[in-house]
Structure formats: structure tokens, C-alpha cells
Peer 1: 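The structure is given below, and queries will be raised subsequently.
The sequence lines fix the lettering, A, B, ..., with proteins before strands; numbering per chain opens at 1.
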There are 2 protein chains.
Amino acid sequence: MARRKEHTHEQIRHMAISAVVEHLQCHGVDNLSLRKVAATIGYVPSTLINIFGSYQYLLLAVSEQTLLQLAAQLQLIKPTTPKQTIEQMALVYSQFAFANRRCFRLVFELSMAGDQPLPVAHLGLIKSLFSDVESQLSQYFPLACEQEVETMSRVLWGGIHGLTCLSLDGKLFETQSCLQDMLMSHVSSYIDGMSIKRNSNAAN
Amino acid sequence: MARRKEHTHEQIRHMAISAVVEHLQCHGVDNLSLRKVAATIGYVPSTLINIFGSYQYLLLAVSEQTLLQLAAQLQLIKPTTPKQTIEQMALVYSQFAFANRRCFRLVFELSMAGDQPLPVAHLGLIKSLFSDVESQLSQYFPLACEQEVETMSRVLWGGIHGLTCLSLDGKLFETQSCLQDMLMSHVSSYIDGMSIKRNSNAAN
DNA sequence: GCAAAATAAAAAACAACGTTCATAATAATT
DNA sequence: AATTATTATGAACGTTGTTTTTTATTTTGC
């Protein structure tokens, strides 16, 4: 046997990733297995191992795709004032998390076997989410040095992420509507608080 | 076979949980298995299934114990001013997370199979972490209603949690020392920001 | 054009997993 | 002391990710 070149490796990659994503729409990642993915796309486990290296790397590929989609959604935001733009980012972030709940969890809960750190490319993707916040912040705080802007962007993003994560599993409160209020409260009040400390300019 | 009553069920519970915790000091949860835990404490898989119900419930028990230890550490804090007390809580929280990195991750990444929600007792334990923040906040904002205090406590705690989590996996920055700065920035500036909005009292 | 070498997908084998079930050994009861 | 009720155990089951072997196809060399 060997239907050679019925699909290219790149096609199989795409099929497998799509199969995982589709499964995650309705079922958890624990119900999934390499064998099921292979069966779904009409292939055999060892073929996927050959292509992805391991089941773990297949999941990592799904995680990366999700991360790219999230980044793309954030890029779609049309900047207005810095503060409003960051608030808009927080909303988009949390809405994406709730719309792609299981993929989102995969991104942040996936860890490599043997306690190896995630690939640097993956960490880089996550960190790239901050960059837009940074540029908005340095507009809002023109006097702040690079270091200070970096700290602020991470505080803002860490808060947005934490609230979203806890809310996603009902660990914070029950309804999603509260989450939006809390995100707004977080972004708005933190920026206001920093404004006093740096007795800086800008009102909106 | 049946060394009956060589250990009580409660003793075996304790032994198994300790074995998991000890393993998690040095190795990830993926390297662990029910069979290994059983072997470590000189028992057999089915015995642990009888006692805990499933491997998942054993891990849940470890998670609960960790949660209780974290809560205990937070209770140890001697209150000074509300703001300083909350800042101290943030530090203790992050220090606990780094000292018990894998157990901490277990608490927040463990989810039930079949997408069932976590037991309410477990969710209650997590939410109880907020209660002390709430009492500190209502001291600081005596005019705020219960609802407002609840929102603020969750924003504060969500931020603390998010920063800690991201930092724990190197998803935020590299060194731990930055984390403390960010936690202080978060707590301090958010409270300051809220203070203006409610043009309230209290300076420290 | 055809035989030989290379390749690639599938099949089978492997070790380990969580869990279930029947068994054998102990404790409790009569 | 014999019988019944417990209870930990050991074997079995179905499934997992991965490795290795086999087999069919493609490419190469003459």
C-alpha cells in the first residue's frame, strides 16, 4: 500500500489541523487522539507521526494557527484614541476566547512533554500580541521610556488574559457580561492610575 | 491477597496525594500515571481507583490540597493598610506559584473529562481566595456598594493571576524579578485609578 | 523498456495507560 | 469452626502514542 501523492504533505497537514479544530468546536481535547484524527482524514497514525513528528506537535500546530487567527483579529481594529483602542483590544481578545474556547485553552495550556519549554517561535507569537498595546501606550505616555511602556503593556495584557481565562472556566463569576465590565474597569482605571503617577498629559 | 487494614483508606489517600506532590516537585504531570503512583506507595492501580474513583479525582484531590495551602499562606498575612495588604497578597500569591509551580498549574489547568465542569466545591475554593481582597477593598472604599467591591476584587485578582500565570511559563518576560514590579504596578495603579473615578478618600 | 534501488504509506507490533471484573485472601458474623 | 461479607489484588480489556516492519509505488540506471 501507498497511495503515493494522493495528497501532498502540506495538504495532509492542513487536513489534520482542520480535523482537530473541528473536533474542538464541540468536544474537549481529552476525547481526541492521534488515531481519531488519522481516521477522520482517511489516513493512518504513523503517517501523521511522519509529518508532524508527534501528536504533541500536531496540537502545537493547531495552537499556532489559533494564535495567528487571534493576532489577525486584533489587527483588524481601527485605532481611535489610545485608550479606546486598548479597550477594544481587550474586548476582541475576550470575545475570541469565548468563540474559540477550546482552541484558546489549547494555546495557553499546552506544554511540552518532559517539561521542555515551548518552542521559541511559539513564545514569540504570544509575545507579539503585546506589541500593538505598546505602540498605543507610547502614544498615550509620550514621556515614558521604553522600559516603562513595556511594563505597562504587560500589566495591561496580563490582566486582560487573567480575567478572560478565569471567566472562561467559570472560576471568576458566572455570566460573560460581567467580564466586559471588568475588562473596561481594568484597562481604564489602570491607565488612569498610571496617569497620575506620571502626572502626564492626555485626557481620553 | 488483601492485607486488610495495613493502612486505612484515609492513610492511603494521604500517601497517594503525597506521592503525586513529590513527583510534581521535579517532574511534569505528563510523566506521571496512576500505575506509577500506585507502585510508589506499594499498592496497585485498582486500589486507588476504589478509593479515589478515578485517576482524575486523585489529581483533583492534589489540586484541592494545593488550593488549601495557598489559602493558608494568604491568611498568614498581617493586615496593615488595605492597599499594602493587597499588594502583600499579590506577592504571596506569585511566590507560592513559583515555589509550587507544577501544583499551581495543576489547580488551574485541570479540567474534568467530557467537558464536565469542575465540582462546585473546587470552584468555591478558588473563589474564596477573593474574599479577603473584598474585605480590604470595602475598607478602602467605604462608600462603594457590594457589587462594586466585588467587581474591583475580581479585576485585581484576575490581573494578579494572569500576570503570575503568564510569567510562570515565560510567556510574559524572562525573569521573575520583573513580575513583582508588575504586580505592584497593577495593584497600586488600579486602586489609584478607581480612587479618582469614585473621587474617594484614603491616601495610602 | 525493464530491472533495481529508493521512497513512502500502511500494517503490525510494542509498551504503557486508565479502568473493569473476577478471584483469592482476609475479616466479621453466626 | 464454618459461613458470609469485605477488600485488595491480579488478570484482562480496550485504547493510547510511537516504532518497526512490510508492501506497494515511484524513481532511477542501463
Side-chain angles (χ1 to χ4, degrees), chain A residues 1-17 19-20 23-24 27-63 102 106 109-116 118-119, chain B residues 1-17 19-20 23-24 27-63 102 106 109-116 118-119:
Chain A
M1 344 232 103
R3 284 170 303 188
R4 202 162 170 190
K5 295 278 160 98
E6 181 172 339
H7 298 105
T8 73
H9 278 197
E10 211 52 47
Q11 284 176 312
I12 297 180
R13 269 190 85 87
H14 185 264
M15 290 161 63
I17 291 175
V20 173
H23 175 100
L24 290 182
H27 308 92
V29 73
D30 2 293
N31 302 35
L32 196 59
S33 73
L34 179 62
R35 297 177 113 100
K36 286 180 186 170
V37 177
T40 301
I41 65 173
Y43 277 84
V44 105
S46 51
T47 301
L48 292 180
I49 294 259
N50 274 344
I51 292 176
F52 286 95
S54 72
Y55 181 46
Q56 190 103 183
Y57 278 115
L58 165 55
L59 293 182
L60 191 72
V62 174
S63 171
R102 279 174 262 263
L106 190 65
E109 294 186 1
L110 185 67
S111 53
M112 296 287 94
D115 271 17
Q116 285 198 309
L118 288 169
Chain B
M1 338 220 119
R3 283 169 304 184
R4 202 163 169 190
K5 297 279 160 99
E6 180 172 341
H7 297 104
T8 73
H9 277 196
E10 212 51 48
Q11 284 177 313
I12 297 180
R13 268 191 85 86
H14 186 262
M15 290 161 63
I17 292 175
V20 172
H23 176 100
L24 291 181
H27 308 92
V29 73
D30 5 292
N31 301 34
L32 195 59
S33 72
L34 178 63
R35 295 177 115 101
K36 285 182 186 168
V37 177
T40 302
I41 65 173
Y43 277 84
V44 103
S46 49
T47 300
L48 293 181
I49 295 259
N50 276 343
I51 292 177
F52 286 95
S54 72
Y55 182 45
Q56 190 104 181
Y57 278 115
L58 165 55
L59 294 182
L60 192 70
V62 174
S63 172
R102 277 174 263 261
L106 190 63
E109 295 187 2
L110 185 65
S111 53
M112 297 288 92
D115 271 18
Q116 285 198 309
L118 288 169

Peer 1: Taking the side chain of B:V44 as heavy atoms from C-beta outward, which of C:dA11, D:dG17, D:dT9 is closest to it?
Peer 2: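 Nearest to the side chain of B:V44 among the choices is D:dT9.
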Peer 1: Base, sugar-phosphate or nothing for B:S33? Non-hydrogen atoms, less than 4.0 Å.
Peer 2: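 Sugar-phosphate, backbone atoms only, no base.
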Peer 1: For a side chain to side chain contact (heavy atoms under 4.5 Å, CB included) check, start with the C-alpha distance between A:N31 and A:H23, then their side-chain angles and the critical distance, and finish with the verdict.
Peer 2: CA-CA 9 Å; A:N31 302 35; A:H23 175 100; 4.0 Å; yes
Peer 1: Find the distance B:Q56:CD to C:dT19:C1' and express it as a whole number of Å.
Peer 2: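 So the CD-C1' distance, B:Q56 to C:dT19, works out to 13 Å.
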Peer 1: Would the base of C:dA9 count as contacting A:S46 through its side chain, where contact means a donor and an acceptor less than 3.5 Å apart?
Peer 2: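 No.
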Peer 1: Show, in sequence, the C-alpha distance, side-chain angles and deciding distance for B:T40 and B:V20, and conclude whether the side chain to side chain contact (heavy atoms under 4.5 Å, CB included) test is met.
Peer 2: CA-CA 9 Å; B:T40 302; B:V20 172; over 6 Å; no
Peer 1: Round to a whole Å and report the spacing from NE2 of A:H7 to C1' of C:dA9.
Peer 2: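 Interatomic distance, NE2 of A:H7 to C1' of C:dA9: 13 Å.
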Peer 1: Does a nitrogen or oxygen in the side chain of B:H9 sit under 4.0 Å from OP1 or OP2 of D:dT7?
Peer 2: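 Checking D:dT7 against B:H9, no side-chain N or O comes under 4.0 Å of OP1 or OP2.
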Peer 1: May I have the step-by-step check of side chain to side chain contact (heavy atoms under 4.5 Å, CB included) for A:L48 and A:I41, ending in yes or no?
Peer 2: CA-CA 10 Å; A:L48 292 180; A:I41 65 173; 4.0 Å; yes
Peer 1: Tell me: CG of A:L34 to P of C:dC17, nearest whole Å?
Peer 2: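 Whole-Å distance recorded here is 18 Å.
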Peer 1: Any chance you could measure B:Y43, atom OH, to B:I51, atom CD1, to the nearest 0.5 Å?
Peer 2: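 It is 7.5 Å, given to the nearest 0.5 Å.
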Peer 1: Just verifying a value: how many Å separate A:L59 CG and A:I17 CD1, rounded to the nearest 0.5 Å?
Peer 2: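 The CD1 atom of A:I17 is 10.5 Å from CG of A:L59, to the nearest 0.5 Å.
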Peer 1: Below 4.0 angstrom from OP1 or OP2 of C:dA9, is there any side-chain N or O of A:T47?
Peer 2: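 So the side-chain polar atoms of A:T47 never come under 4.0 Å of the phosphate oxygens OP1 or OP2 of C:dA9.
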Peer 1: As a test of reading the structure: which of D:dT9, C:dG18, D:dT18 is closest to the side chain of B:N50, going by heavy atoms?
Peer 2: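 Among the listed nucleotides, the one closest to the side chain of B:N50 is D:dT9.
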Peer 1: Could you give the CG-to-C1' distance, from A:L48 to D:dT19, as a whole number of Å?
Peer 2: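 Answer to the nearest Å: 15 Å.
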Peer 1: Could you tell me how far apart A:F52 (CZ) and D:dG17 (C1') are, to the nearest whole angstrom?
Peer 2: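 After rounding, the gap between these two atoms is 15 Å.
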Peer 1: On DNA chain C, check which nucleotide each of A:I51 and B:S54 is closest to and give me the residue with the more 5' one.
Peer 2: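 Result: A:I51.
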Peer 1: Consider the side chain of A:R35, meaning its heavy atoms from C-beta on, and name the nucleotide among D:dT18, C:dA10, C:dT19 that approaches it most closely.
Peer 2: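 Ranking D:dT18, C:dA10, C:dT19 by closest atom to the A:R35 side chain puts D:dT18 first.
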Peer 1: Atom OH of B:Y55 to atom P of C:dT19: distance rounded to whole Å?
Peer 2: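 Value for this atom pair: 10 Å.
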Peer 1: Choose from C:dC17, C:dT19, D:dT16 the nucleotide whose nearest atom is closest to any side-chain atom of B:I49.
Peer 2: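 For B:I49, the side-chain atoms sit closest to C:dT19.
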Peer 1: Calculate the interatomic distance between B:L58 atom CG and C:dC17 atom C1'; express it in whole Å.
Peer 2: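 In whole Å, C:dC17 C1' lies 15 Å from B:L58 CG.
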Peer 1: Could you state the atom-to-atom distance from NZ of B:K36 to C1' of C:dA15 in whole Å?
Peer 2: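 After rounding, the reported distance stands at 12 Å.
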